[in-house]
Colleague: 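Quick one: the structure is below, questions incoming.
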Amino acid sequence: MSSGTPDNQAGPAPTAVSGTATAAAVTGTGTGQQWLARYGESLLGVFGSPQRVLVRGAGSLVWDADGKEYLDLLGGIAVNALGHAHPFVTSVISSQLATLGHVSNFFTSPTQIALAEKLLMLSAAPAGSKVFFANSGTEANEAAFKLARAHGKANSVPGGPARTTILALEGAFHGRTMGALALTAKQAYREPFEPMPAGVKHLPFNDVDALRAALDGTVAALIIEPIQGEAGVRPLSPEYLRAARELTTRAGALLILDEVQTGVGRTGDWFAGTAAGITPDAMTLAKGLGGGFPIGALVTFGEAPSQLLSAGQHGTTFGGNPVATAAALATLHVLESQDVLANVRTVGALLADGLARTDGVTEVRAFGLLIGFDLAQPVAAAVVTAALEAGFIINAPRPNTIRLAPPLILTAGQAASFLAALPALIEHASAPQSAEGAIS
Ligand SMILES: *Cc1c(COP(=O)(O)O)cnc(C)c1O
């Protein structure tokens with residue numbers, strides 16, 4: 001754990017802790033290799049071995065512990081909407097923390113109220129709509145799960161079947177806590193932890209007939225991602241979204257949109273569902289909302305869904321705290337005042353175009369700056385490794401699929417630099433020797 005630099009000895013003396021300091025004052029420093037060795041000895045292995053140790057970022061660039069620079073085309077998985085260390089967001093967060101950091105939900109704060117109002121405005125929510133703040137996507141979906149059950153209880157026919165079923169889709173990803181995991185389709189995520197919370201059914205993707213058949217009097221809600229991000233950026237058709245709205249209304253079930261990945265400007269619109277002309281009964285948000293600071297939200301649309309959860313029925317210690325809500329307000333302010341969504345559409349179209357022309361790319365699914373593209377061969381993991389060596393951070397949600405979810409402030413020039421590098425990365429990954437992971 002020694003790096004030999006003077007910084008390494010600069011641990012804080014208990015009597016002398018005051019004023020400003022960097023995190024290095026409490027961590028010490030090290031090389032990437034040294035840090036990763038310590039990681040392996042101290043962190044639970046659920047993420048496997050991290051690819052790099054990152055120490056610094058600015059805009060769409062990040063640097064690792066050995067000083068190597070990367071263009072971040074994953075944005076912390078669709079989180080860093082304004083890139084890294086955005087000056088305005090950083091300044092608002094710092095000053096909020098230096099003023100009032102946390103108060104619990106026995107109290108409220110101006111930033112919490114202003115953010116709720118802002119989200120209701122941006123999502124064009126009708127009168128009576130409300131917001132609940134959480135700390136992550138999975139937590140926002142846990143709140144939605146409880147909202148669905150509360151709706152079912154309030155709307156079951158006396159003496160009739162219980163309205164407890166929640167419908168989700170094959171390929172769905174809604175999070176890793178037990179309720180959200182029950183909504184998530186992937187067997188490998190679920191099986192080790194069975195039994196799952198009961199009452200969830202998965203339907204075939206984009207299949208209106210299957211949905212119509214499943215919507216009986218036992219269904220409390222349907223939860224869908226307008227575009228499935230973890231499944232490789234797979235969109236539901238506009239027809240399916242419209243049918244989902246119509247059929248759930250007719251069946252007396254809630255329509256819940258999980259916009260944790262697609263929301264807050266990612267697709268070039270504020271929300272993918274509302275852009276498709278759909279007003280859900282509830283919508284969950286997280287990833288990009290805080291511009292890198294953890295925050296999640298459940299938005300309930302209209303009077304009835306907004307009255308389902310009463311005092312004491314749900315809660316959180318951290319959710320909606322002044323710093324997190326200030327971070328989100330600052331992020332939304334920049335997105336709005338700089339017309340960042342126009343940049344998302346322009347640079348997204350540029351990437352989509354270039355990818356469609358790239359040898360070895362067989363399909364492109366691009367929605368603003370949420371982009372999935374398929375390769376002719378299942379070499380996505382090798383492409384990710386080659387890209388890292390070449391200074392690009394990308395991601396492989398499937399063996400033959402690459403996902404890009406860069407900062408929404410990515411420039412045309414940065415997009416072009418990736419497009420220029422990509423053919424060689426694919427070629428390299430597709431060559432026989434890449435089986436051993438060799439990068440020459
Ligand atoms: C990432 C994601 C989640 C889970 O969010 P966490 O913050 O990781 O808990 C839920 N739903 C969707 C669509 C996501 O992309």
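Whatever order the structure lists them in is the order used to number ligands and atoms, beginning at 1.
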Colleague: If we count only non-hydrogen protein atoms and require a distance under 4.0 Å, does atom 8 (O) of ligand 1 qualify as touching the protein?
Modeller: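 Looking at atom 8 (O) of ligand 1, one finds that no protein heavy atom lies closer than 4.0 Å.
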
Colleague: So, T267 side chain and G368 main chain: donor-acceptor pair closer than 3.5 Å or not?
Modeller: no

Colleague: Taking distance alone, with N or O pairs closer than 3.5 Å, would you say G137 contacts ligand 1?
Modeller: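 It does: an N or O of G137 is found under 3.5 Å from an N or O of ligand 1.
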
Colleague: Between F173 and ligand 1, does any nitrogen or oxygen pair lie at a separation below 3.5 Å?
Modeller: yes

Colleague: So which bit of T284 gets within less than 4.0 Å of ligand 1, heavy atoms only: side chain, backbone, both or neither?
Modeller: neither

Colleague: Which of the atoms in ligand 1, numbered in the order shown and given with their element, are less than 4.0 Å from a heavy-atom of N141?
Modeller: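 Within the 4.0 Å cut-off of N141, ligand 1 contributes 10 (C), 11 (N).
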
Colleague: Under 4.0 Å between a Lys/Arg side-chain N and an Asp/Glu carboxylate O for R403 and E230?
Modeller: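 A salt bridge links R403 with E230.
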
Colleague: Side chains of E246 and T249: do they bring a donor and an acceptor to under 3.5 Å?
Modeller: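 Short answer, no.
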
Colleague: Under 4.0 Å, heavy atoms only, figure out whether ligand 1 is touched by the backbone of E225, its side chain, both or neither.
Modeller: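 Within the 4.0 Å criterion, E225 contacts ligand 1 through side-chain atoms alone.
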
Colleague: Please compare D258, I224, T177, T262 and report which has the shortest non-hydrogen distance to atom 11 (N) of ligand 1.
Modeller: D258

Colleague: Would R176 count as a cation-pi partner of Y189, with NZ or CZ less than 6.0 Å from the six-membered ring centre and within 45° of the ring normal?
Modeller: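 Because its charged atom sits under 6.0 Å from the ring centre and within 45° of the axis, R176 does stack over Y189.
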
Colleague: Does R52 count as lying over the ring of Y70, i.e. NZ or CZ under 6.0 Å from the six-ring centre, within 45 degrees of the axis?
Modeller: no

Colleague: Taking non-hydrogen atoms only, is S136 closer than 4.0 angstrom to ligand 1 via side chain, backbone, both or neither?
Modeller: both

Colleague: Does this structure show an ion pair linking D281 with R245, if we count only N-O contacts that are shorter than 4.0 Å?
Modeller: yes

Colleague: Need the ligand 1 atom indices (1-based, order shown) with element for anything under 4.0 Å from a heavy-atom of T138.
Modeller: 4 (C), 5 (O), 6 (P), 9 (O)

Colleague: Pick, from E142, E259, K287, the option with the minimum heavy-atom distance to atom 2 (C) of ligand 1.
Modeller: K287

Colleague: Can you label the angle between the F132 ring and the H314 ring as parallel, tilted or perpendicular, going by 30° and 60°?
Modeller: tilted

